[in-house]
Amino acid sequence: MNMNRKSERRGLIKKLKSEGYLSNERVIEAMLKVPREEFITEYQKSYAYADRPLPIGEGQTISAPHMVAIMTEHLDVEEDHKVLEIGAGSGYQAAILAEIANKGKIYTVERIPELAKKAEENLNRIGYKNIEIIISDGSKGYKKEAPYDRIIVTAGAPRIPESLLKQLKDPGKLLIPVGGKMFQELKLVEKKKGEFSTKNLGGCVFVPLIGDEGW
Ligand code: SAM
């Protein structure tokens, strides 16, 4: 069974490479290593390596693998980085980031306690030591450990939260879906010498970022 999942995982990564979603070796290695089946319910496991989002409970989803690939590639994480993720969900994206920033630390914020608990169980079962899960409204970031080299938001915001811009290091990068409740545009914000520049990376569909600086 395990071998089957491994070969399914290799197949999916090969497909994402051929479709142009994956090219960075560190991201490819991380996606080859992290078992996506460990982050979803028993009932969904046979779909673990289909390139689509899946329900994880509480009306939330684990993002489709191609979206994880796009976001991780653009985030450009280095091994000693301190990364803040908003929207821990299942913990899968945090695991991918932890593989890359293996000498750094990942802080991941989740507003729904039941999901945070499940994400923690998933990450502990696999054995990640460089991830901390925080139950809080991440639309305001996580001031306690700021500033961060990288910030990734995996829920759709109506606008870029001011707190996240403030908690970004200089230089630093922030990835965030911004737009309506149904569809958004993925934005990459770069901070350099005190200046911010924003690039649009294309359309995406995320559940809403709910909170003081979200919906
Ligand atoms: N990154 C996740 C993964 O790898 O499974 C998928 C994230 S899911 C698409 C979006 C998550 O953002 C949901 O779990 C939702 O509860 C969470 N969320 C929404 N608003 C939030 C907020 N203000 N602070 C923290 N988490 C939030």
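Both backbone and side-chain heavy atoms feed into the values below; hydrogens, waters and symmetry mates do not. In listed order, ligands and their atoms are each counted from 1.
- In summary, the atoms of ligand 1 found under 4.0 Å from a heavy atom of Gly138, numbered by their order in the structure, are 22 (C), 23 (N), 24 (N), 25 (C).
- The nearest protein atom to atom 15 (C) of ligand 1, hydrogens excluded, is given as Gln60 OE1, 3.3 Å; this is a heavy-atom distance.
- Heavy-atom separations between Glu213 and ligand 1 are all 4.0 Å or longer.
- Annotation for ligand 1: atoms under 4.0 Å from non-hydrogen atoms of Ser90 are 3 (C), 4 (O), 5 (O).
- Because its NZ or CZ atom is both nearer than 6.0 Å to the ring centre of Tyr47 and within 45° of the ring axis, Arg52 counts as a cation-pi partner of that residue.
- Using a non-hydrogen distance threshold of 4.0 Å, Ser136 registers as a contact of ligand 1.
- Every atom of ligand 1 is numbered from 1 in the order shown, and the set under 4.0 Å from a heavy atom of Val207 is 9 (C), 10 (C).
- Residue contacts with ligand 1 do not include Pro53, since none of its heavy atoms lies under 4.0 Å from the ligand.
- The contact set between ligand 1 and Ile112, taken as ligand atoms under 4.0 Å from a residue heavy atom, comprises 16 (O).
- The residue among Thr61, Ile40, Val34 with a heavy atom at the shortest distance from atom 9 (C) of ligand 1 is Thr61.
- Applying the 4.0 Å criterion to heavy atoms of Gln93 picks out, from ligand 1, the atoms 1 (N), 4 (O).
- In this structure, atom 10 (C) of ligand 1 lies nearest to the protein heavy atom Thr154 O, 3.2 Å.
- Protein heavy atom closest to atom 21 (C) of ligand 1, with residue, atom name and distance, is Arg111 CD, 3.4 Å.
- Residue contact check: Tyr92 has heavy atoms under 4.0 Å from atoms 4 (O) of ligand 1.
- The proximity of Ala119 to ligand 1, defined as any non-hydrogen pair under 4.0 Å, does not occur for either the backbone or the side chain.
- Near Pro208, meaning under 4.0 Å from any of its heavy atoms, are these atoms of ligand 1: 19 (C), 20 (N).
- With a 4.0 Å heavy-atom cut-off, ligand 1 is reached by the side chain of Glu85 but not by its N, CA, C or O.
- Closest heavy-atom approach to atom 23 (N) of ligand 1 within the set Thr108, Val109, Ile210: this belongs to Ile210.
- Note that CZ of Arg159 is 10.5 Å distant from CG of Leu209, once rounded to the nearest 0.5 Å.
- Using a non-hydrogen distance threshold of 4.0 Å, Gly214 does not register as a contact of ligand 1.
- Atoms of ligand 1 lying under 4.0 Å from at least one heavy atom of Leu115, given by number and element, are 14 (O).
- Looking only at protein heavy atoms, the nearest one to atom 16 (O) of ligand 1 is Glu110 OE2, 2.6 Å.
- Between Lys118 and Glu114, none of the side-chain N atoms (NZ, or NE/NH1/NH2) sits under 4.0 Å from a carboxylate O, so this pair counts as no salt bridge.
- Remark: Lys82 is positioned above the aromatic ring of Tyr148, its terminal NZ or CZ atom under 6.0 angstrom from the ring centre and at most 45 degrees off the axis.
- Remark: minimum distance from atom 12 (O) of ligand 1 to any protein heavy atom is reached at Gly87 CA, 3.3 Å.
- Side-chain atoms of Glu213 and Ser139 form no donor-acceptor pair, as typed in the model, at a separation below 3.5 Å.
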